[in-house]
Every structure is written in structure tokens, then in C-alpha cells.
Engineer: 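Here it is: the structure, laid out below.
Remember, it's a predicted structure, so these values are computed and weren't measured experimentally. Chain A is the first sequence line, chain B the second, and so forth, proteins listed ahead of strands; every chain is numbered from 1.
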Amino acid sequence: MKKLDSTVLARRANQIKEELRQKLRKPYKRVIDLYWGDPHAAGVKPLSFVRQVLAACLYPDLVNSNTLPVDVRQRAQKLLGECAGGSVGSYTATAGIPEIVHRISEFITKRDGGAPSDPKNIYISPGSQWALRNILKVLVNSQASPRTGVLTPGPCYPLTNFTIEGLGGVTVPYCLSEEQGWELQVEELHRALDSAKGVCNPVALYVINPGNPAGYVQSRKTMQEVIRFASEKRLFLLADEVYQECVHGEKSEFLSYKRVLSEMGPPLSDTVELASFHSASKGFMGECGLRGGYVELVNLDPDVMKCIYKLFSTDSCAPVLSQIALDLMTSPPQPGDPSYPLYSEEIQHIKTMMVHNVKRVFEVLNSLPGFSCQPVEGGAFAFPRLHLPPKAIQKAKEMEMETDLFYCMRLLEETGVLVQPGMENGPKEGTLHIRFCIMTPEDTMEEILSRLSSFHTQFMKDFS
Amino acid sequence: MNHGTALLWKRRALSSLSATRRGLPKEKMSENGVSPRAKVLTIDNMNPTVKKVEYAVRGPIVQRALELERELSEGMKKPFVEVIKANIGDAHAMGQQPITFFRQVLALCSYPELLNDSSFPEDAKSRARRILQSCGGNSMGSYSASQGIESVRQDVARYIERRDGGVPCDPDNIFLTTGASDGIVTMLKLLVCGEGETRTGVMISIPQYPLYSAALAELAAVQVNYYLNEEKCWSMDLSELQRSLDEARRHCNPRALCVINPGNPTGQVQSRQCIEDVIRFAAKERLFLMADEVYQDNVYAEGCQFHSFKKVLFDMGPEYSDIVELVSFHSTSKCYMGECGFRGGYMEIINLDEEVRAQLTKLVSVRLCPPVPGQALMDLVVNPPQIGEPSYDKFIKERTATLSVLAEKAKLTEQVLNTVNGISCNPVQGAMYSFPRISIPEKAIKEATDKGQQADMFYCMKLLEETGICLVPGSGFGQRDGTYHFRMTILPSTDKLKILLNKVKEFHQKFTEQYS
């Protein structure tokens with residue numbers, strides 16, 4: 001398994017946090033951790049309605065007291081009625097509490113303009129990556145020769161690549177075009193597939209939309225090309241859509257792969273085998289720590305579905321609180337509900353925050369020599385490119401570090417800002433990037449940009 | 001993309017679309033003379049090891065039980081008014097109440113505004129504050145470190161030290177997991193390697209909890225069975241361990257020995273002597289020990305006591321404690337908590353090679369982190385209310401009540417089942433299950449075989465259809481050839497349990513007569 005650089009940076013970040021706790025003098029008072037897409041850690045507040053319902057489900061005395069709003073209590077009561085023994089401590093059906101799974105399928109249908117969704121094709125899991133891993137387990141034969149290949153984007157979410165490799169598979173990168181706003185170009189898919197000839201046996205195509213780390217939102221046209229490619233080349237399509245609530249670009253619109261596939265009509269809509277993933281970790285809820293996600297499987301062979309059921313059943317079931325969180329995500333308060341005003345206010349606050357952050361990140365980074373940043377249309381991260389002077393690259397070499405890691409270590413030491421080196425995401429050779437979470441309160445973002453700007457300006461001067 | 005191909009797809013798509021619109025039956029691609037498109041992912045090309053995965057606890061009999069429940073709720077007439085699910089170790093589902101203190105703290109952690117609510121006791125509030133402080137952004141919604149929240153691991157270490165009479169525990173050796181199952185599968189993944197004759201073999205008890213066999217099948221490891229001794233209350237037999245190991249060495253490389261104590265499905269609680277013998281055996285034969293101890297508080301029988309493998313190992317002195325590699329598992333799902341739905345657990349690793357430990361750290365990082373509410377719950381389990389704290393009395397009362405009811409039900413189960421001609425039941429010394437042996441007449445075995453079913457599955461399916469009682473056939477757990485068993489939980493309420501046991505008794509008598 002490849003070495004995870006997060007260990008070096010993370011270790012140093014923890015040391016610095018400890019040093020700060022012991023009141024050692026530093027040019028900053030706290031570490032700002034933007035390594036993961038973790039809004040709560042960055043200071044974004046959880047949604048009140050969600051936490052109130054969870055609290056009432058955890059401690060049902062709250063259902064009968066007046067402490068919480070009435071719709072919260074009603075929702076909790078309904079949910080507890082759907083739990084075995086009326087407790088969130090019971091196991092549930094393997095794929096999730098049937099009523100919740102049913103409501104998720106209704107959410108999907110509504111989201112996708114009426115394209116039907118069958119609850120039997122949905123599995124809730126402890127996080128979307130858990131479900132992805134189970135599907136990959138079915139696809140990847142670790143004993144196969146040649147080895148199983150999965151096409152993944154460059155840049156990509158690193159954990160997916162690790163999972164594929166850990167299962168004995170091979171990742172086949174297809175490069176996204178940074179200059180075209182990280183567009184996925186079908187010619188590149190063809191090139192990647194050709195490169196796999198004689199190396200591995202590609203069985204699946206993994207796409208992330210909206211993107212991670214790069215913040216693109218795919219157009220319908222691109223998605224149709226991807227679907228046609230998957231169909232023509234007989235690839236299983238894996239669509240990681242966990243950032244579907246994070247769309248910031250004014251001209252961008254999230255369309256699910258399921259919807260686009262369905263609207264392309266038969267034979268494609270009846271034949272392309274697709275797994276779509278969603279999560280409670282991102283979007284407005286940002287409940288990473290609850291570990292809740294789901295997969296919807298489309299057009300799979302019924303016998304394969306039986307094996308998938310058995311595989312998920314060995315995991316018992318997803319945590320009940322996570323299942324409830326997904327239910328609240330897909331069936332939020334409606335106008336007229338007592339909790340609706342606060343709920344929509346909190347949602348709007350996050351939306352405003354993201355619009356602000358995305359705009360400021362684009363402005364500030366593109367104003368700095370040595371930085372260039374594509375517009376962040378969606379997702380939770382900025383993935384700007386670094387154009388560093390040769391002296392910096394040389395220095396990194398001397399220290400036996402990758403250049404972007406070197407930059408990130410320096411940034412951490414001097415400003416307390418922790419970001420991820422772009423190399424973790426596997427972009428094109430010879431390019432340097434950093435990735436950092438932009439789901440932070442507005443004033444935190446201003447502080448980040450200010451620290452980053454002064455650091456970067458100085459860095460460029462030091463190595464000119 | 002080739003423009004010509006794009007047009008071809010479009011034409012096909014349009015033609016079938018218009019056929020549908022015209023209300024004509026959709027003939028898919030046959031109108032073009034092309035046979036229906038073969039699936040990309042099929043039984044034949046999928047990962048072959050996944051096909052071998054079976055998990056009886058949630059298998060076909062449970063699915064039939066759910067169907068029957070649906071039919072009942074739709075008003076269909078059945079020979080029973082309710083389905084009693086005694087197939088899965090889920091205490092809350094069968095009416096056991098959660099520990100109030102735990103749920104109060106978790107509610108406070110979920111919605112910290114409640115810290116201002118005077119109806120919550122002070123000790124619950126201070127626990128909640130402490131947990132929240134250890135979470136990023138003071139929220140349970142943040143990722144934690146992959147190994148688990150550090151302060152929780154420290155609390156787990158202190159619990160283990162107290163439990164084991166002071167044997168030191170290093171928090172760095174504690175990994176929080178998504179239920180114990182997650183830890184077990186992770187360790188097995190680390191252990192399995194090699195090919196052919198050098199392929200890793202893992203020794204598991206027969207009968208076993210089918211997570212082990214499922215994980216080994218999926219990892220394409222060699223499952224090495226060692227039989228527990230039914231005549232001696234399901235105890236472990238050193239000579240049987242040796243036989244099993246020697247036989248396995250002929251075709252694979254046995255590296256690990258899994259023990260479940262207290263046992264599932266058998267309920268046996270290993271004696272201290274037995275645990276020492278197993279440790280000596282593991283040391284001598286260089287086997288990695290995996291001790292599944294999730295039922296450690298569920299000990300009922302007189303004369304039985306839970307001894308942790310770690311404590312016994314260290315009591316045996318450095319000759320063993322310095323070298324035997326051991327991992328112990330615990331969970332929030334069983335004992336007196338019964339909080340299965342939280343997926344909380346931990347494992348403690350002892351004497352693991354440093355490089356392997358580094359690999360383990362990487363492996364768990366791919367999972368990101370275990371569910372934070374489960375970690376918080378584990379923190380409370382290892383750190384319950386203390387004497388003098390406001391919640392102490394209630395906590396002790398609830399815990400004692402839950403455990404003593406379980407003890408009564410364990411006894412009741414053994415007693416009633418042993419009054420049935422053709423059923424013999426070992427004492428349920430611990431855990432949550434009974435695994436009685438049942439005699440099945442030849443005629444029934446034949447009918448089962450004709451149906452392509454295991455005889456005990458045939459028996460359990462009939463039991464389900466006629467009484468609504470859902471148990472799991474012994475074949476799902478493993479048993480000696482020619483013997484049949486079923487596993488039932490002792491979790492239904494005492495009233496329901498009595499009904500269940502009587503119905504099983506009646507059914508068995510009827511079944512025996514019918515097939516005599």
C-alpha cells in the first residue's frame with residue numbers, strides 16, 4: 001500500500017496543537033485543519049432539526065417533554081416506531097430500516113424528475129465508501145490474472161484508489177482537463193482504456209460528480225458521453241455523488257447519473273449497470289462522524305444482487321443514527337412545519353457562506369502570482385494549482401520530499417493552516433496542487449486566505 | 001466518440017422509445033435480430049470468493065420470517081398470531097431497555113442545547129461536555145482519528161486495566177472499530193496471505209459465529225475447523241486442537257486461532273485452565289490468537305467466571321506475555337448494553353510486530369473512522385457512573401436487572417428444552433444463545449435431502465411456518481456430521497420465551513411423530 005503522506009503532516013499538526021496547548025509562542029493561536037472535507041471540524045454548525053430529532057430518538061423521554069419543537073417530537077416518534085423494539089439500539093434489516101429505504105427511493109425519484117427508483121436496489125451503509133468498497137469487492141477479483149482494473153479520474157479522491165488497490169485491483173487513471181474547468185473528455189477515457197491493454201482487465205469506470213478534489217459539476221452532455229462509453233466498452237459505472245448538495249456555480253446544476261441514464265431511454269436505460277453513491281457526510285448536514293451513506297444499484301443481474309445482499313448482511317447493518325440522518329436529509333422539514341423557518345435559515349446561511357467562500361477563494365488565489373485556480377463549481381474543496389519557482393522544487397528535492405508536501409509542511413509550520421498536498425490525489429505528472437476544504441465559516445475563510453496569501457507571497461520571494 | 005456510433009445508439013433508443021409510446025410490447029433488441037444484451041457483471045465474472053459468502057443469522061430463514069410478518073400484517077391467516085424472532089442477538093428488538101444514563105449523555109452530545117435543560121443529571125452533562133471537547137468542532141459529526149478518539153482509547157485502556165486487576169494497557173494498542181465484526185475482519189485481512197500450500201489457514205471453533213466463515217470465504221483463506229466438545233459442555237479440547245492443526249498443516253499454513261469466549265452459539269464460558277492451555281498451545285505452535293470477548297459481561301452459570309485472554313496471558317509471566325500475539329475484541333452490542341444499532345467496538349492488540357502495526361494503521365485509515373456516536377457510547381461503557389455520582393444508583397439497578405433477567409432466561413431455556421424427548425441442551429453458561437441438539441427422524445432427513453435442504457433447515461422452516469418462531473439451523477454455524485442443532489436466542493421477554501419454548505416442545509413432539 002502506498003505511503004499516506006497525511007501521517008507526516010497530521011503528526012506535525014498534532015504536535016503543533018500540543019505545543020499551542022502548552023502555550024509555546026507561535027505566529028498563530030490555532031491550527032486550522034482543512035485536510036478533510038469536514039465542515040463541523042471547520043466550525044460549521046450542525047442543522048438544529050437533525051440534532052434535535054436524533055436527541056429525541058436517543059432519549060425518548062424528550063418525545064413527551066415540551067423541550068423540543070412538536071414536529072421534531074413527531075418525527076422522532078415515527079422513526080422510533082420504525083425501529084425494532086422502539087430503540088435506535090436494535091439492529092435493522094440489512095439494507096436499512098425498510099420505511100427509511102422507501103423514503104430514500106421516493107427522494108431519488110423526486111430528485112430525478114420522476115425516474116422510478118426501486119427500494120430493493122438501495123443499501124444504506126456506514127458511509128458511502130463502505131458501500132463502494134462492497135461493490136468493488138464484487139467487481140474486483142484479487143486472484144485474477146490479468147488483474148482487475150478500474151478507471152478512476154486524475155485527480156481523484158485518494159481513498160477510492162487505496163480501496164481498489166487494497167482489494168488487489170489496479171487503478172487506470174483518466175486525466176481531467178484542468179484548463180477546461182476539469183472537464184472529463186471522452187477521448188481521454190478512450191486513451192486510458194487503451195493504456196490498460198495488456199496491463200489489466202478493466203471492469204468499471206468510477207466518476208465523481210460533483211468533483212473531489214477538483215470542484216467541477218459535469219454537464220449533461222459529458223455525462224451522456226460517459227454513459228455511452230461505459231455501455232460501449234462494457235464497463236460497470238460507479239457514480240460517486242456525495243457532493244450533490246454542494247453546487248455553487250450559478251450556471252451549474254447537479255444531474256444524477258441515474259437521471260441522465262433514465263432520460264437517455266432504452267436500450268441504455270435498461271442495460272447500463274450503475275451504482276450511485278450518496279452520503280450524509282457532505283452537503284448541508286456535514287455529518288461525517290455519523291458514518292451514513294447509501295448506494296442505489298441499477299440494472300444489475302438478479303443473481304449478483306443476491307450475492308450483494310449476503311455481503312452486506314455480514315456487516316449486519318448501518319448504524320441506526322446514520323440511517324435516521326439520511327432520512328432527515330432526504331425528507332427535511334417542509335414549509336408549514338414549525339421547524340421549517342429555522343431549518344431554511346440555517347440552510348440559507350450555509351449557502352450564502354459557500355457562495356462567499358467560493359468567490360473569495362477564486363479571487364484571492366488567482367490574484368497571487370504562482371497560484372491559479374479553476375472556478376469551484378461544486379464540491380467541498382478548492383484545488384488550486386501551484387506554479388513554484390525552480391529553487392523551491394530544488395529545495396524540496398534536497399529534503400527528499402515531494403514539492404507540494406514541502407509547501408504544505410512549510411505552510412503548516414508558519415501559519416498553522418493544514419491542507420492536503422495535491423499529489424495524494426494523483427493529478428498529472430509535473431503539476432503541483434493543494435487541496436483544502438472550503439466549507440468553513442466566512443470569517444474563518446477570510447483568515448485562511450489572509451494567512452495563505454502572506455505565506456505564499458513570502459514563499460515565492462524566498463525562493464525567487 | 002465515433003459520430004456514427006452515436007447516431008446508431010440514438011436510432012435504437014428512439015425506435016424502442018416510439019414502440020413503447022405506441023403501446024406496443026417492448027421487444028428490447030430482438031426486433032433488430034440482436035439477442036438481449038448480456039450483463040457486464042455476472043455470476044460468472046464476479047469475484048468468485050464473494051459467491052461463497054454465507055451468513056445464516058440473516059439468511060433465507062430470516063427472509064421467510066419477514067415475509068410471514070408482512071403476510072400477517074396484511075391480514076393473512078396463519079397458525080400463529082405473531083412471528084417471534086429468536087434468530088439474532090438483538091436485545092432491544094426483544095424489549096430489553098437501554099441504560100438511561102448512556103442515552104442521556106448521547107442525547108446531550110447530539111444536541112448540546114440540552115445542557116441547559118435541568119431535567120438531565122449533572123454527571124450526564126459533564127460526561128457529554130468531556131466527549132464533545134474531544135470531537136472536532138465540538139460535534140459528533142466530525143471525523144475522528146481513524147484509530148478512534150484518543151480520550152476514548154485512553155478510557156478503554158483504563159477499563160481494561162481495572163478489569164484485568166492492574167495488568168497494564170497501552171492506549172496506543174486500542175483501536176476503536178465499527179462493531180467488533182469490523183475489527184475481526186480487519187485482522188483477518190492482515191493475517192491472510194500466501195498461495196496453495198502456503199495459503200493462510202485460520203482455526204475456528206465448530207460451531208462458530210458465521211461472520212468468521214464468511215470473512216474467511218471472502219478472503220479466500222483456508223477455514224480450519226476444530227470441534228468443541230458437546231459432551232463436555234462445549235469446552236475446548238486440546239487434543240482436538242492438535243488434531244485439527246496437524247491435519248491442516250498438510251495443505252495450508254495455519255497462522256491464527258480464533259476463540260469466542262463466552263461462546264456463540266454455544267454459550268460456554270471457558271475455564272481459566274482451558275484458557276491457559278490454549279495460550280500454551282498457541283505459543284508452542286506459533287499461532288496468532290484472536291479472542292472474541294463481546295459477551296464478557298454475559299456470564300450466568302454458577303462456578304463460571306469470565307477470564308480475559310489478556311489477563312491470563314500476563315498472569316502466565318513473560319515467557320508467554322512477551323511473545324504470544326493476541327488481539328481481543330469487545331463491542332457495545334451485547335452484555336447489558338445491547339446497543340447493536342450503534343456499531344461500537346474496540347480491539348486491543350498485544351505483541352503485534354511493529355511493521356504489521358503500521359500496515360494495520362493504514363488499513364483502518366481507509367475506513368476514515370468508526371461512527372462517533374458508537375465511540376462515545378463505548379466511552380460510557382468503559383467509564384460508567386461511579387459511587388456517589390447522581391446516576392449511579394439507577395445505573396446499577398438497570399444493569400443488575402438486565403443481567404439477572406438474562407440469567408433466569410438462560411436457566412429456563414435449558415430446563416424446558418431438556419424436558420423434550422429428542423432435544424438435549426447444554427447449560428447456557430453465558431452469552432445470549434442456546435444451541436440444543438435435536439434428533440431428526442430418518443424420514444424427515446430424506447424428505448429434506450429430496451428438497452435439497454439441510455435436515456435442520458427443513459426442521460426450522462417447518463417450525464417457522466407452523467409456529468411463527470424463527471430460529472437458525474445449526475448447519476449455519478457448523479456441527480459434527482450426523483448431528484443437528486438449532487440456535488435460539490434467550491432474548492424474548494420471559495413471557496414470550498415461555499411461549500416459544502412450549503411451542504418448540506410441542507412442535508418437536510409432533511414433528512417426531514409425523515416422521516416416525
Engineer: Do His92(B) and Tyr91(A) have side chains that approach each other closer than 4.5 Å (heavy atoms only, starting at C-beta)?
Structural biologist: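 The answer is no; the side chains never approach within 4.5 Å.
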
Engineer: Can you see which heavy atom on Arg51(A) is nearest to which on Cys109(B), and at what distance?
Structural biologist: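 For Arg51(A) versus Cys109(B), the nearest heavy atoms are NH1-O, 3.9 Å.
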
Engineer: Please look at Glu273(A) and chain B and tell me whether the side chain, the backbone, both or neither of the residue comes under 4.5 angstrom of a heavy atom of that chain.
Structural biologist: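 Just its side chain gets close to chain B.
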
Engineer: Starting from the C-alpha separation in whole Å, work towards a yes-or-no answer on side-chain contact (heavy atoms from CB on, under 4.5 Å) for Val138(A) and Asn47(B).
Structural biologist: CA-CA 5 Å; Val138(A) 180; Asn47(B) 182 352; 5.5 Å; no

Engineer: Roughly how far apart are Ser139(B) OG and His40(A) NE2, rounded to 0.5 Å?
Structural biologist: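 Interatomic distance, Ser139(B) OG to His40(A) NE2, rounded to 0.5 Å: 4.5 Å.
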
Engineer: For a quick test of reading the model, state the closest non-hydrogen atom pair linking Met46(B) to Val304(A) and the distance between them.
Structural biologist: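 Scanning both residues, the minimum pair turns out to be SD-CG2, 4.4 Å.
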
Engineer: Hey, which of Leu62(A), Ile308(A), Val50(A), Thr148(A) has the most heavy atom pairs under 4.5 Å with chain B?
Structural biologist: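 If we count pairs closer than 4.5 Å to chain B, Leu62(A) comes out on top.
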
Engineer: Do other residues, nucleotides or ligands put more than 12 heavy atoms under 6.0 Å from Glu188(A) CD?
Structural biologist: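 More than 12 heavy atoms, drawn from other residues, nucleotides or ligands, come within 6.0 Å of this atom.
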
Engineer: Please classify the contact of Glu218(B) with chain A as side chain, backbone, both or neither, using a heavy-atom distance under 4.5 Å.
Structural biologist: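 Just its side chain gets close to chain A.
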
Engineer: Let's test your reading of the structure: which of Lys45(A), Gln323(A), Lys137(A), Gln129(A) forms the most heavy-atom pairs below 4.5 Å with chain B?
Structural biologist: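 Max contact count across the listed options: Lys137(A).
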
Engineer: Any non-hydrogen side-chain atom of Leu368(B) less than 4.5 Å from a side-chain atom of Leu159(A)?
Structural biologist: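 Leu368(B) vs Leu159(A): side chains touch.
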
Engineer: Please classify the contact of Thr160(A) with chain B as side chain, backbone, both or neither, using a heavy-atom distance under 4.5 Å.
Structural biologist: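 Answer is neither: Thr160(A) stays 4.5 Å or more from chain B.
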
Engineer: Can you say whether Gln63(B) sits under 4.5 Å from chain A via the side chain, the backbone, both, or neither, judging by heavy atoms?
Structural biologist: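 The side chain, not the backbone.
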
Engineer: By a 4.5 Å heavy-atom criterion (distance strictly below it), what part of Tyr212(B) contacts chain A: side chain, backbone, both, or neither?
Structural biologist: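 Answer is neither: Tyr212(B) stays 4.5 Å or more from chain A.
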
Engineer: Shortest non-hydrogen contact from Arg58(B) to Ala93(A)?
Structural biologist: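 Closest pair (atom of Arg58(B), atom of Ala93(A), distance): NH1-C, 3.6 Å.
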
Engineer: If I take atom SG from residue Cys369(B) and atom CH2 from residue Trp36(A), how far apart are they, to the nearest 0.5 angstrom?
Structural biologist: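 So the gap between those two atoms works out to 10.0 Å.
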
Engineer: How about Arg343(B) and Ser322(A): do any of their side-chain heavy atoms sit closer than 4.5 Å?
Structural biologist: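 Arg343(B) vs Ser322(A): side chains apart.
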
Engineer: More than 12 heavy atoms of other residues, nucleotides or ligands under 6.0 Å from CD of Glu18(A): is that the case?
Structural biologist: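 More than 12 heavy atoms, drawn from other residues, nucleotides or ligands, come within 6.0 Å of this atom.
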
Engineer: Over all heavy atoms of both residues, which pair between Leu58(A) and Ser110(B) is shortest? Give the atoms and the distance, please.
Structural biologist: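 Closest heavy-atom pair between Leu58(A) and Ser110(B): CD1-CB, 3.9 Å.
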
Engineer: For chain B, which candidate among Ala325(A), Pro319(A), Ala84(A), Ala42(A) shows the most heavy-atom pairs at distances under 4.5 Å?
Structural biologist: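 So the answer, after comparing Ala325(A), Pro319(A), Ala84(A), Ala42(A), is Pro319(A).
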
Engineer: Working to the nearest 0.5 angstrom, can you tell me the gap between Ile184(B) CD1 and Thr314(A) OG1?
Structural biologist: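 Separation between the atoms: 11.5 Å.
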
Engineer: Check whether any side-chain heavy atom of Cys288(A) lies under 4.5 Å from a side-chain heavy atom of Met140(B), and answer yes or no.
Structural biologist: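 Cys288(A) vs Met140(B): side chains apart.
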
Engineer: So which of Pro373(B), Gly59(B), Ala93(B) has the biggest tally of heavy-atom pairs under 4.5 Å with chain A?
Structural biologist: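 That would be Ala93(B).
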
Engineer: Can you tell which part of Ser333(B) gets under 4.5 Å to a heavy atom of chain A, answering side chain, backbone, both or neither?
Structural biologist: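 Side chain only.
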
Engineer: Closer than 3.5 angstrom, by distance alone: can the side chain of Asp303(A) be matched with the main-chain N or O of Ile43(B) as a donor-acceptor pair?
Structural biologist: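 Not at all, since once roles are kept as given, no pair shorter than 3.5 Å links the two residues.
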
Engineer: Donor-acceptor check, side chain of Arg133(A) to backbone of Arg367(B), threshold 3.5 angstrom: yes or no?
Structural biologist: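 No, because the side chain of Arg133(A) does not come within donor-acceptor range (under 3.5 Å) of the backbone of Arg367(B).
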
Engineer: Which one of Val88(A), Leu311(A), Leu290(A) has the most heavy-atom pairs closer than 4.5 Å to chain B?
Structural biologist: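 The candidate making the most pairs under 4.5 Å is Val88(A).
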
Engineer: Using only atom types and a distance under 3.5 Å, with no angle test, would you say the side chain of Asp38(A) pairs donor to acceptor with the backbone of Tyr143(B)?
Structural biologist: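 Between the backbone of Tyr143(B) and the side chain of Asp38(A) there is a qualifying donor-acceptor contact (under 3.5 Å).
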
Engineer: First locate atom CG of Leu219(B), then atom OG of Ser142(A), and finally report the distance between them rounded to the nearest 0.5 Å.
Structural biologist: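 So the CG of Leu219(B) and the OG of Ser142(A) are separated by 8.5 Å.
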
Engineer: Is it the side chain or the backbone of Leu106(B) that comes within 4.5 Å of chain A heavy atoms, both, or neither?
Structural biologist: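 Its backbone and side chain both get close to chain A.
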
Engineer: For Pro210(B), which atoms come within 4.5 Å of any heavy atom of chain A: side chain, backbone, both, or neither?
Structural biologist: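 For Pro210(B), neither part sits under 4.5 Å from chain A.
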
Engineer: To the nearest 0.5 Å, what is the distance between CG on Asn45(B) and CZ on Phe236(A)?
Structural biologist: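 Asn45(B) atom CG to Phe236(A) atom CZ measures 11.0 Å (nearest 0.5 Å).
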
Engineer: With a 4.5 Å cut-off on heavy-atom pairs, point out which of Ser142(B), Ser144(B), Pro370(B) contacts chain A the most.
Structural biologist: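 With the most close heavy-atom pairs to chain A, the winner is Ser142(B).
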
Engineer: Between chain A and each of Leu108(B), Val40(B), Val372(B), count heavy-atom pairs under 4.5 Å; write down the option with the most.
Structural biologist: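 Looking at each of Leu108(B), Val40(B), Val372(B) in turn, Val40(B) comes out on top.
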
Engineer: Can you check whether Asp117(B) reaches Thr67(A) side chain to side chain, under 4.5 Å on heavy atoms?
Structural biologist: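 Answer yes - side chains close enough.
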
Engineer: Can you tell me how far the OG1 atom of Thr178(B) sits from the CG atom of Asp315(A), to the nearest 0.5 Å?
Structural biologist: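 CG of Asp315(A) is found 9.5 Å from OG1 of Thr178(B).
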
Engineer: Test side-chain contact (heavy atoms from CB on, under 4.5 Å) on Phe162(A) and Lys362(B); report intermediate values, then the result.
Structural biologist: CA-CA 10 Å; Phe162(A) 286 132; Lys362(B) 274 187 218 162; over 6 Å; no

Engineer: Do you know the tightest heavy-atom contact between Ala55(A) and Tyr111(B)?
Structural biologist: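 Of all heavy-atom pairs spanning Ala55(A) and Tyr111(B), the closest is CB-CB, 3.9 Å.
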
Engineer: Can you tell me which portion of Leu189(A) sits under 4.5 Å from chain B's heavy atoms? Options are side chain, backbone, both or neither.
Structural biologist: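 Looking at Leu189(A), nothing touches chain B.
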
Engineer: Under a 4.5 Å cutoff for heavy-atom pairs, which residue among Pro48(B), Pro371(B), Gly341(B) has the most contacts with chain A?
Structural biologist: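 So the answer, after comparing Pro48(B), Pro371(B), Gly341(B), is Gly341(B).
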
Engineer: Select one option (side chain, backbone, both, neither) describing which atoms of Lys189(B) are under 4.5 Å from chain A's heavy atoms.
Structural biologist: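 Interface part for Lys189(B): side chain.
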
Engineer: Name the member of Gln104(B), Gln96(B), Met337(B), Lys51(B) that forms the most heavy-atom pairs with chain A at distances under 4.5 Å.
Structural biologist: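 With the most close heavy-atom pairs to chain A, the winner is Gln104(B).
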
Engineer: If you count heavy-atom pairs under 4.5 Å between each of Pro126(A), Cys83(A), Ala318(A), Ser87(A) and chain B, which one has the most?
Structural biologist: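 Greatest number of close heavy-atom pairs with chain B: Ser87(A).
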
Engineer: Over all heavy atoms of both residues, which pair between Gly89(A) and Asp90(B) is shortest? Give the atoms and the distance, please.
Structural biologist: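 Residues Gly89(A) and Asp90(B), closest heavy atoms: O-OD1, 4.4 Å.
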
Engineer: Please check this pair: side chain of Lys39(B) against backbone of Asn299(A), looking for a donor-acceptor N/O pair closer than 3.5 Å.
Structural biologist: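 Yes, because the side chain of Lys39(B) sits within donor-acceptor range (under 3.5 Å) of the backbone of Asn299(A).
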
Engineer: At a 4.5 Å cut-off on heavy atoms, which part of Gln143(A) comes close to chain B: side chain, backbone, both, or neither?
Structural biologist: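 Side chain of Gln143(A) only, per the 4.5 Å heavy-atom cut-off to chain B.
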
Engineer: Tell me, do Leu41(B) and Asp301(A) make a side-chain contact under 4.5 Å, heavy atoms counted?
Structural biologist: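 Leu41(B) vs Asp301(A): side chains apart.
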
Engineer: If we only count heavy atoms from C-beta on, is the Thr100(B) to Tyr59(A) side-chain gap below 4.5 Å?
Structural biologist: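 Touching, per the 4.5 Å side-chain cut-off.
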
Engineer: At a 4.5 Å cut-off on heavy atoms, which part of Met94(B) comes close to chain A: side chain, backbone, both, or neither?
Structural biologist: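 When you check distances to chain A, no heavy atom of Met94(B) falls under 4.5 Å.
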
Engineer: If we only count heavy atoms from C-beta on, is the Val320(A) to Phe342(B) side-chain gap below 4.5 Å?
Structural biologist: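 Val320(A) vs Phe342(B): side chains apart.
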
Engineer: Which atoms of Ile88(B) are under 4.5 Å from chain A, going by heavy atoms: the side chain, the backbone, both sets, or neither?
Structural biologist: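 Contact with chain A is through the side chain of Ile88(B) alone.
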
Engineer: Checking Leu114(B) against chain A: side chain, backbone, both or neither under 4.5 Å from a heavy atom?
Structural biologist: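 Contact with chain A involves the side chain of Leu114(B) alone.
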
